[in-house]
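See structure below.
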Amino acid sequence: PDRAVTNIQTLIDAGAGKHKYMNRTDYQRRVITSLSWLKTQVEYHNSLSLTDINHGAEDFYCGLLNLVYGYSLKNINIIDQNAAAIDLGDEQNKIAIQVTSTSALAKTKYTVEKFIEKELYKKFDRLLILNIVKKTNHEAETIGGTEYSLDTKADILDVEDLIKKITADPDLQKLKAIAEFLDAELS
């Protein structure tokens with residue numbers, strides 16, 4: 001009898017593990033599908049010069065990045081409509097983020113120049129550029145000057161980077177929360 005109980009418990013444990021794996025893959029699939037769909041929408045809207053979608057993206061990515069990285073970002077454009085260089089800011093973690101659909105080197109340089117000109121490096125230790133379409137691998141390793149320098153490899157992210165970060169996170173509850181956030185925001 002003890003052996004039969006052990007075998008049944010082994011089957012139950014194996015089934016429970018499989019179910020948990022299925023939850024994880026379902027959440028990962030939902031994240032990939034949602035973020036890929038949004039990226040495509042931004043690409044097509046922008047190709048038709050319909051850029052309103054970019055403005056809504058700031059609030060969306062503010063919420064998403066807070067969940068993914070544990071930030072306390074706020075939409076700076078709501079506080080200051082003429083905010084230069086940054087769209088999102090987390091004063092506690094000293095992170096500033098520019099949300100853009102333009103990956104050109106000129107846009108990156110302009111963003112960093114404005115970040116320096118407005119002395120935002122005194123308030124934020126790090127500037128990240130989130131390209132909501134596809135980032136460009138710039139030849140220059142850094143952009144900026146002596147006051148502040150942006151690392152073009154580490155400080156420029158895109159949707160693919162976010163998908164990799166989210167789907168690789170071992171925290172199932174966090175993955176579930178992100179999938180539910182995406183479902184609520186994009187459905």
Just jot down the ring-ring contact (aromatic ring centres under 6.0 Å, His included) partners of Tyr27, sequence neighbours excluded, or say none.
none
Tell me if the NZ atom of Lys174 is crowded by more than 12 foreign heavy atoms within 6.0 Å.
yes
Shortest non-hydrogen contact from Ser34 to Asp183?
OG-OD1, 4.4 Å
Just wondering, are more than 12 heavy atoms of other shown residues or ligands nearer than 6.0 Å to CD in Glu185?
yes
Leu120 vs Tyr148, side-chain contact (heavy atoms from CB on, under 4.5 Å): CA-CA, chis, key distance, verdict
CA-CA 9 Å; Leu120 294 169; Tyr148 183 82; over 6 Å; no
Within this structure, what is the NZ-CD1 distance for the pair Lys164 and Ile32, rounded to the nearest 0.5 Å?
11.0 Å
Apart from Tyr44 itself, which Ile, Leu, Val, Met, Phe, Trp or Tyr residues share its cluster (side-chain heavy atoms under 4.5 Å, direct or through members)?
none
Between the side chain of Gln98 and the main-chain N/O of Ala85, is any donor-acceptor distance below 3.5 Å?
yes
Please answer whether the main-chain N or O of Asn131 pairs with a side-chain N or O of Asp158 as donor and acceptor at a distance below 3.5 Å.
no
Would you say that Val133 contacts Val159 through its side chain, given a criterion of any heavy-atom pair below 4.5 Å between the two side chains?
no
Any heavy-atom pair between the side chains of Leu65 and Asp90 that's under 4.5 Å?
no
Does Thr152 use its side chain to pair, donor to acceptor, with the backbone of Glu141 at less than 3.5 Å?
yes
4.5 Å side-chain heavy-atom contact, Asn23 and Lys176
no
How many angstroms lie between atom CG of Asn46 and atom OG1 of Thr51, to the nearest 0.5 angstrom?
6.5 Å
Linked, directly or transitively: Tyr71 and Leu67 (ILVMFWY side chains, under 4.5 Å)
yes
Output, in order, the C-alpha distance, side-chain angles, deciding distance and verdict of side-chain contact (heavy atoms from CB on, under 4.5 Å) for Arg126 and Asp155.
CA-CA 8 Å; Arg126 189 170 183 204; Asp155 297 335; 2.8 Å; yes
One pair to check against side-chain contact (heavy atoms from CB on, under 4.5 Å): Ile178 and Leu64. What are the steps and the verdict?
CA-CA 7 Å; Ile178 292 167; Leu64 180 62; 3.8 Å; yes
Check Lys134 with Glu160, please: is the shortest side-chain N to carboxylate O separation under 4.0 Å?
yes
Nearest heavy-atom approach of Ala57 to Ile132 is CB-CD1, 3.8 Å
May I ask you to decide if Gln28's main-chain N or O and Thr167's side chain share a donor-acceptor pair within less than 3.5 Å?
no
Smallest heavy-atom separation, Phe124 atom then Ile95 atom, equals CD2-O, 3.4 Å
Checking Tyr61 side chain against Leu88 main chain: does a donor-acceptor pair fall under 3.5 Å?
no
Should Arg29 and Asp26 count as an ion pair when the cut-off is N to O under 4.0 Å?
yes
Asp169/Lys165 salt bridge by N-O under 4.0 Å criterion
no
Can you tell if the side chain of Phe115 reaches within under 4.5 Å of the side chain of Glu117, non-hydrogen atoms only?
no
Less than 4.5 Å apart, any side-chain heavy atom of Lys107 and any of Ile129?
no
Between the OG1 atom in Thr100 and the NZ atom in Lys135, the distance rounded to the nearest 0.5 Å is 14.0 Å
Hey, are the side chains of Val99 and Phe60 touching, using non-hydrogen atoms and a 4.5 Å cut-off?
no
For Thr102 and Ala104, indicate whether the former's side chain and the latter's backbone hold a donor-acceptor pair under 3.5 Å.
no
Should the heavy atoms of other residues, nucleotides or ligands under 6.0 Å from OH of Tyr69 be counted, would the total exceed 12?
yes
Cluster question for you: counting only ILVMFWY and a side-chain heavy-atom cut-off of under 4.5 Å, with indirect links fine, are Leu105 and Tyr110 together?
no
May I ask whether Leu50 and Val42 are part of the same hydrophobic cluster, defined by side-chain heavy atoms of I, L, V, M, F, W, Y residues being less than 4.5 angstrom apart, directly or through others?
no
How about His138 and Ile156: do any of their side-chain heavy atoms sit closer than 4.5 Å?
yes
Measuring from atom NZ of Lys114 to atom CD1 of Ile116, what distance do you get when rounded to the nearest 0.5 angstrom?
11.5 Å
What's the separation between atom CD1 in Ile143 and atom OG in Ser149, rounded to the nearest 0.5 Å?
8.5 Å
Tell me if a side-chain donor or acceptor on Arg24 pairs with a main-chain N or O of Pro170 at a distance below 3.5 Å.
yes
Exercise: identify the closest heavy-atom pair between Ser103 and Thr108:
O-OG1, 4.4 Å
Would you say Ile163 ends up clustered with Ile97 if hydrophobic residues are merged whenever their side chains have heavy atoms under 4.5 Å apart, either directly or through other cluster members?
yes
Got more than 12 heavy atoms from elsewhere within 6.0 Å of CD, Glu91?
no
Can you list the residues that meet the side chain to side chain donor-acceptor pair (under 3.5 Å) rule with Glu58, with sequence neighbours excluded?
Asn77
Give, for atom CG of Leu73 and atom CD of Gln92, the distance between the pair rounded to the nearest 0.5 Å.
10.5 Å
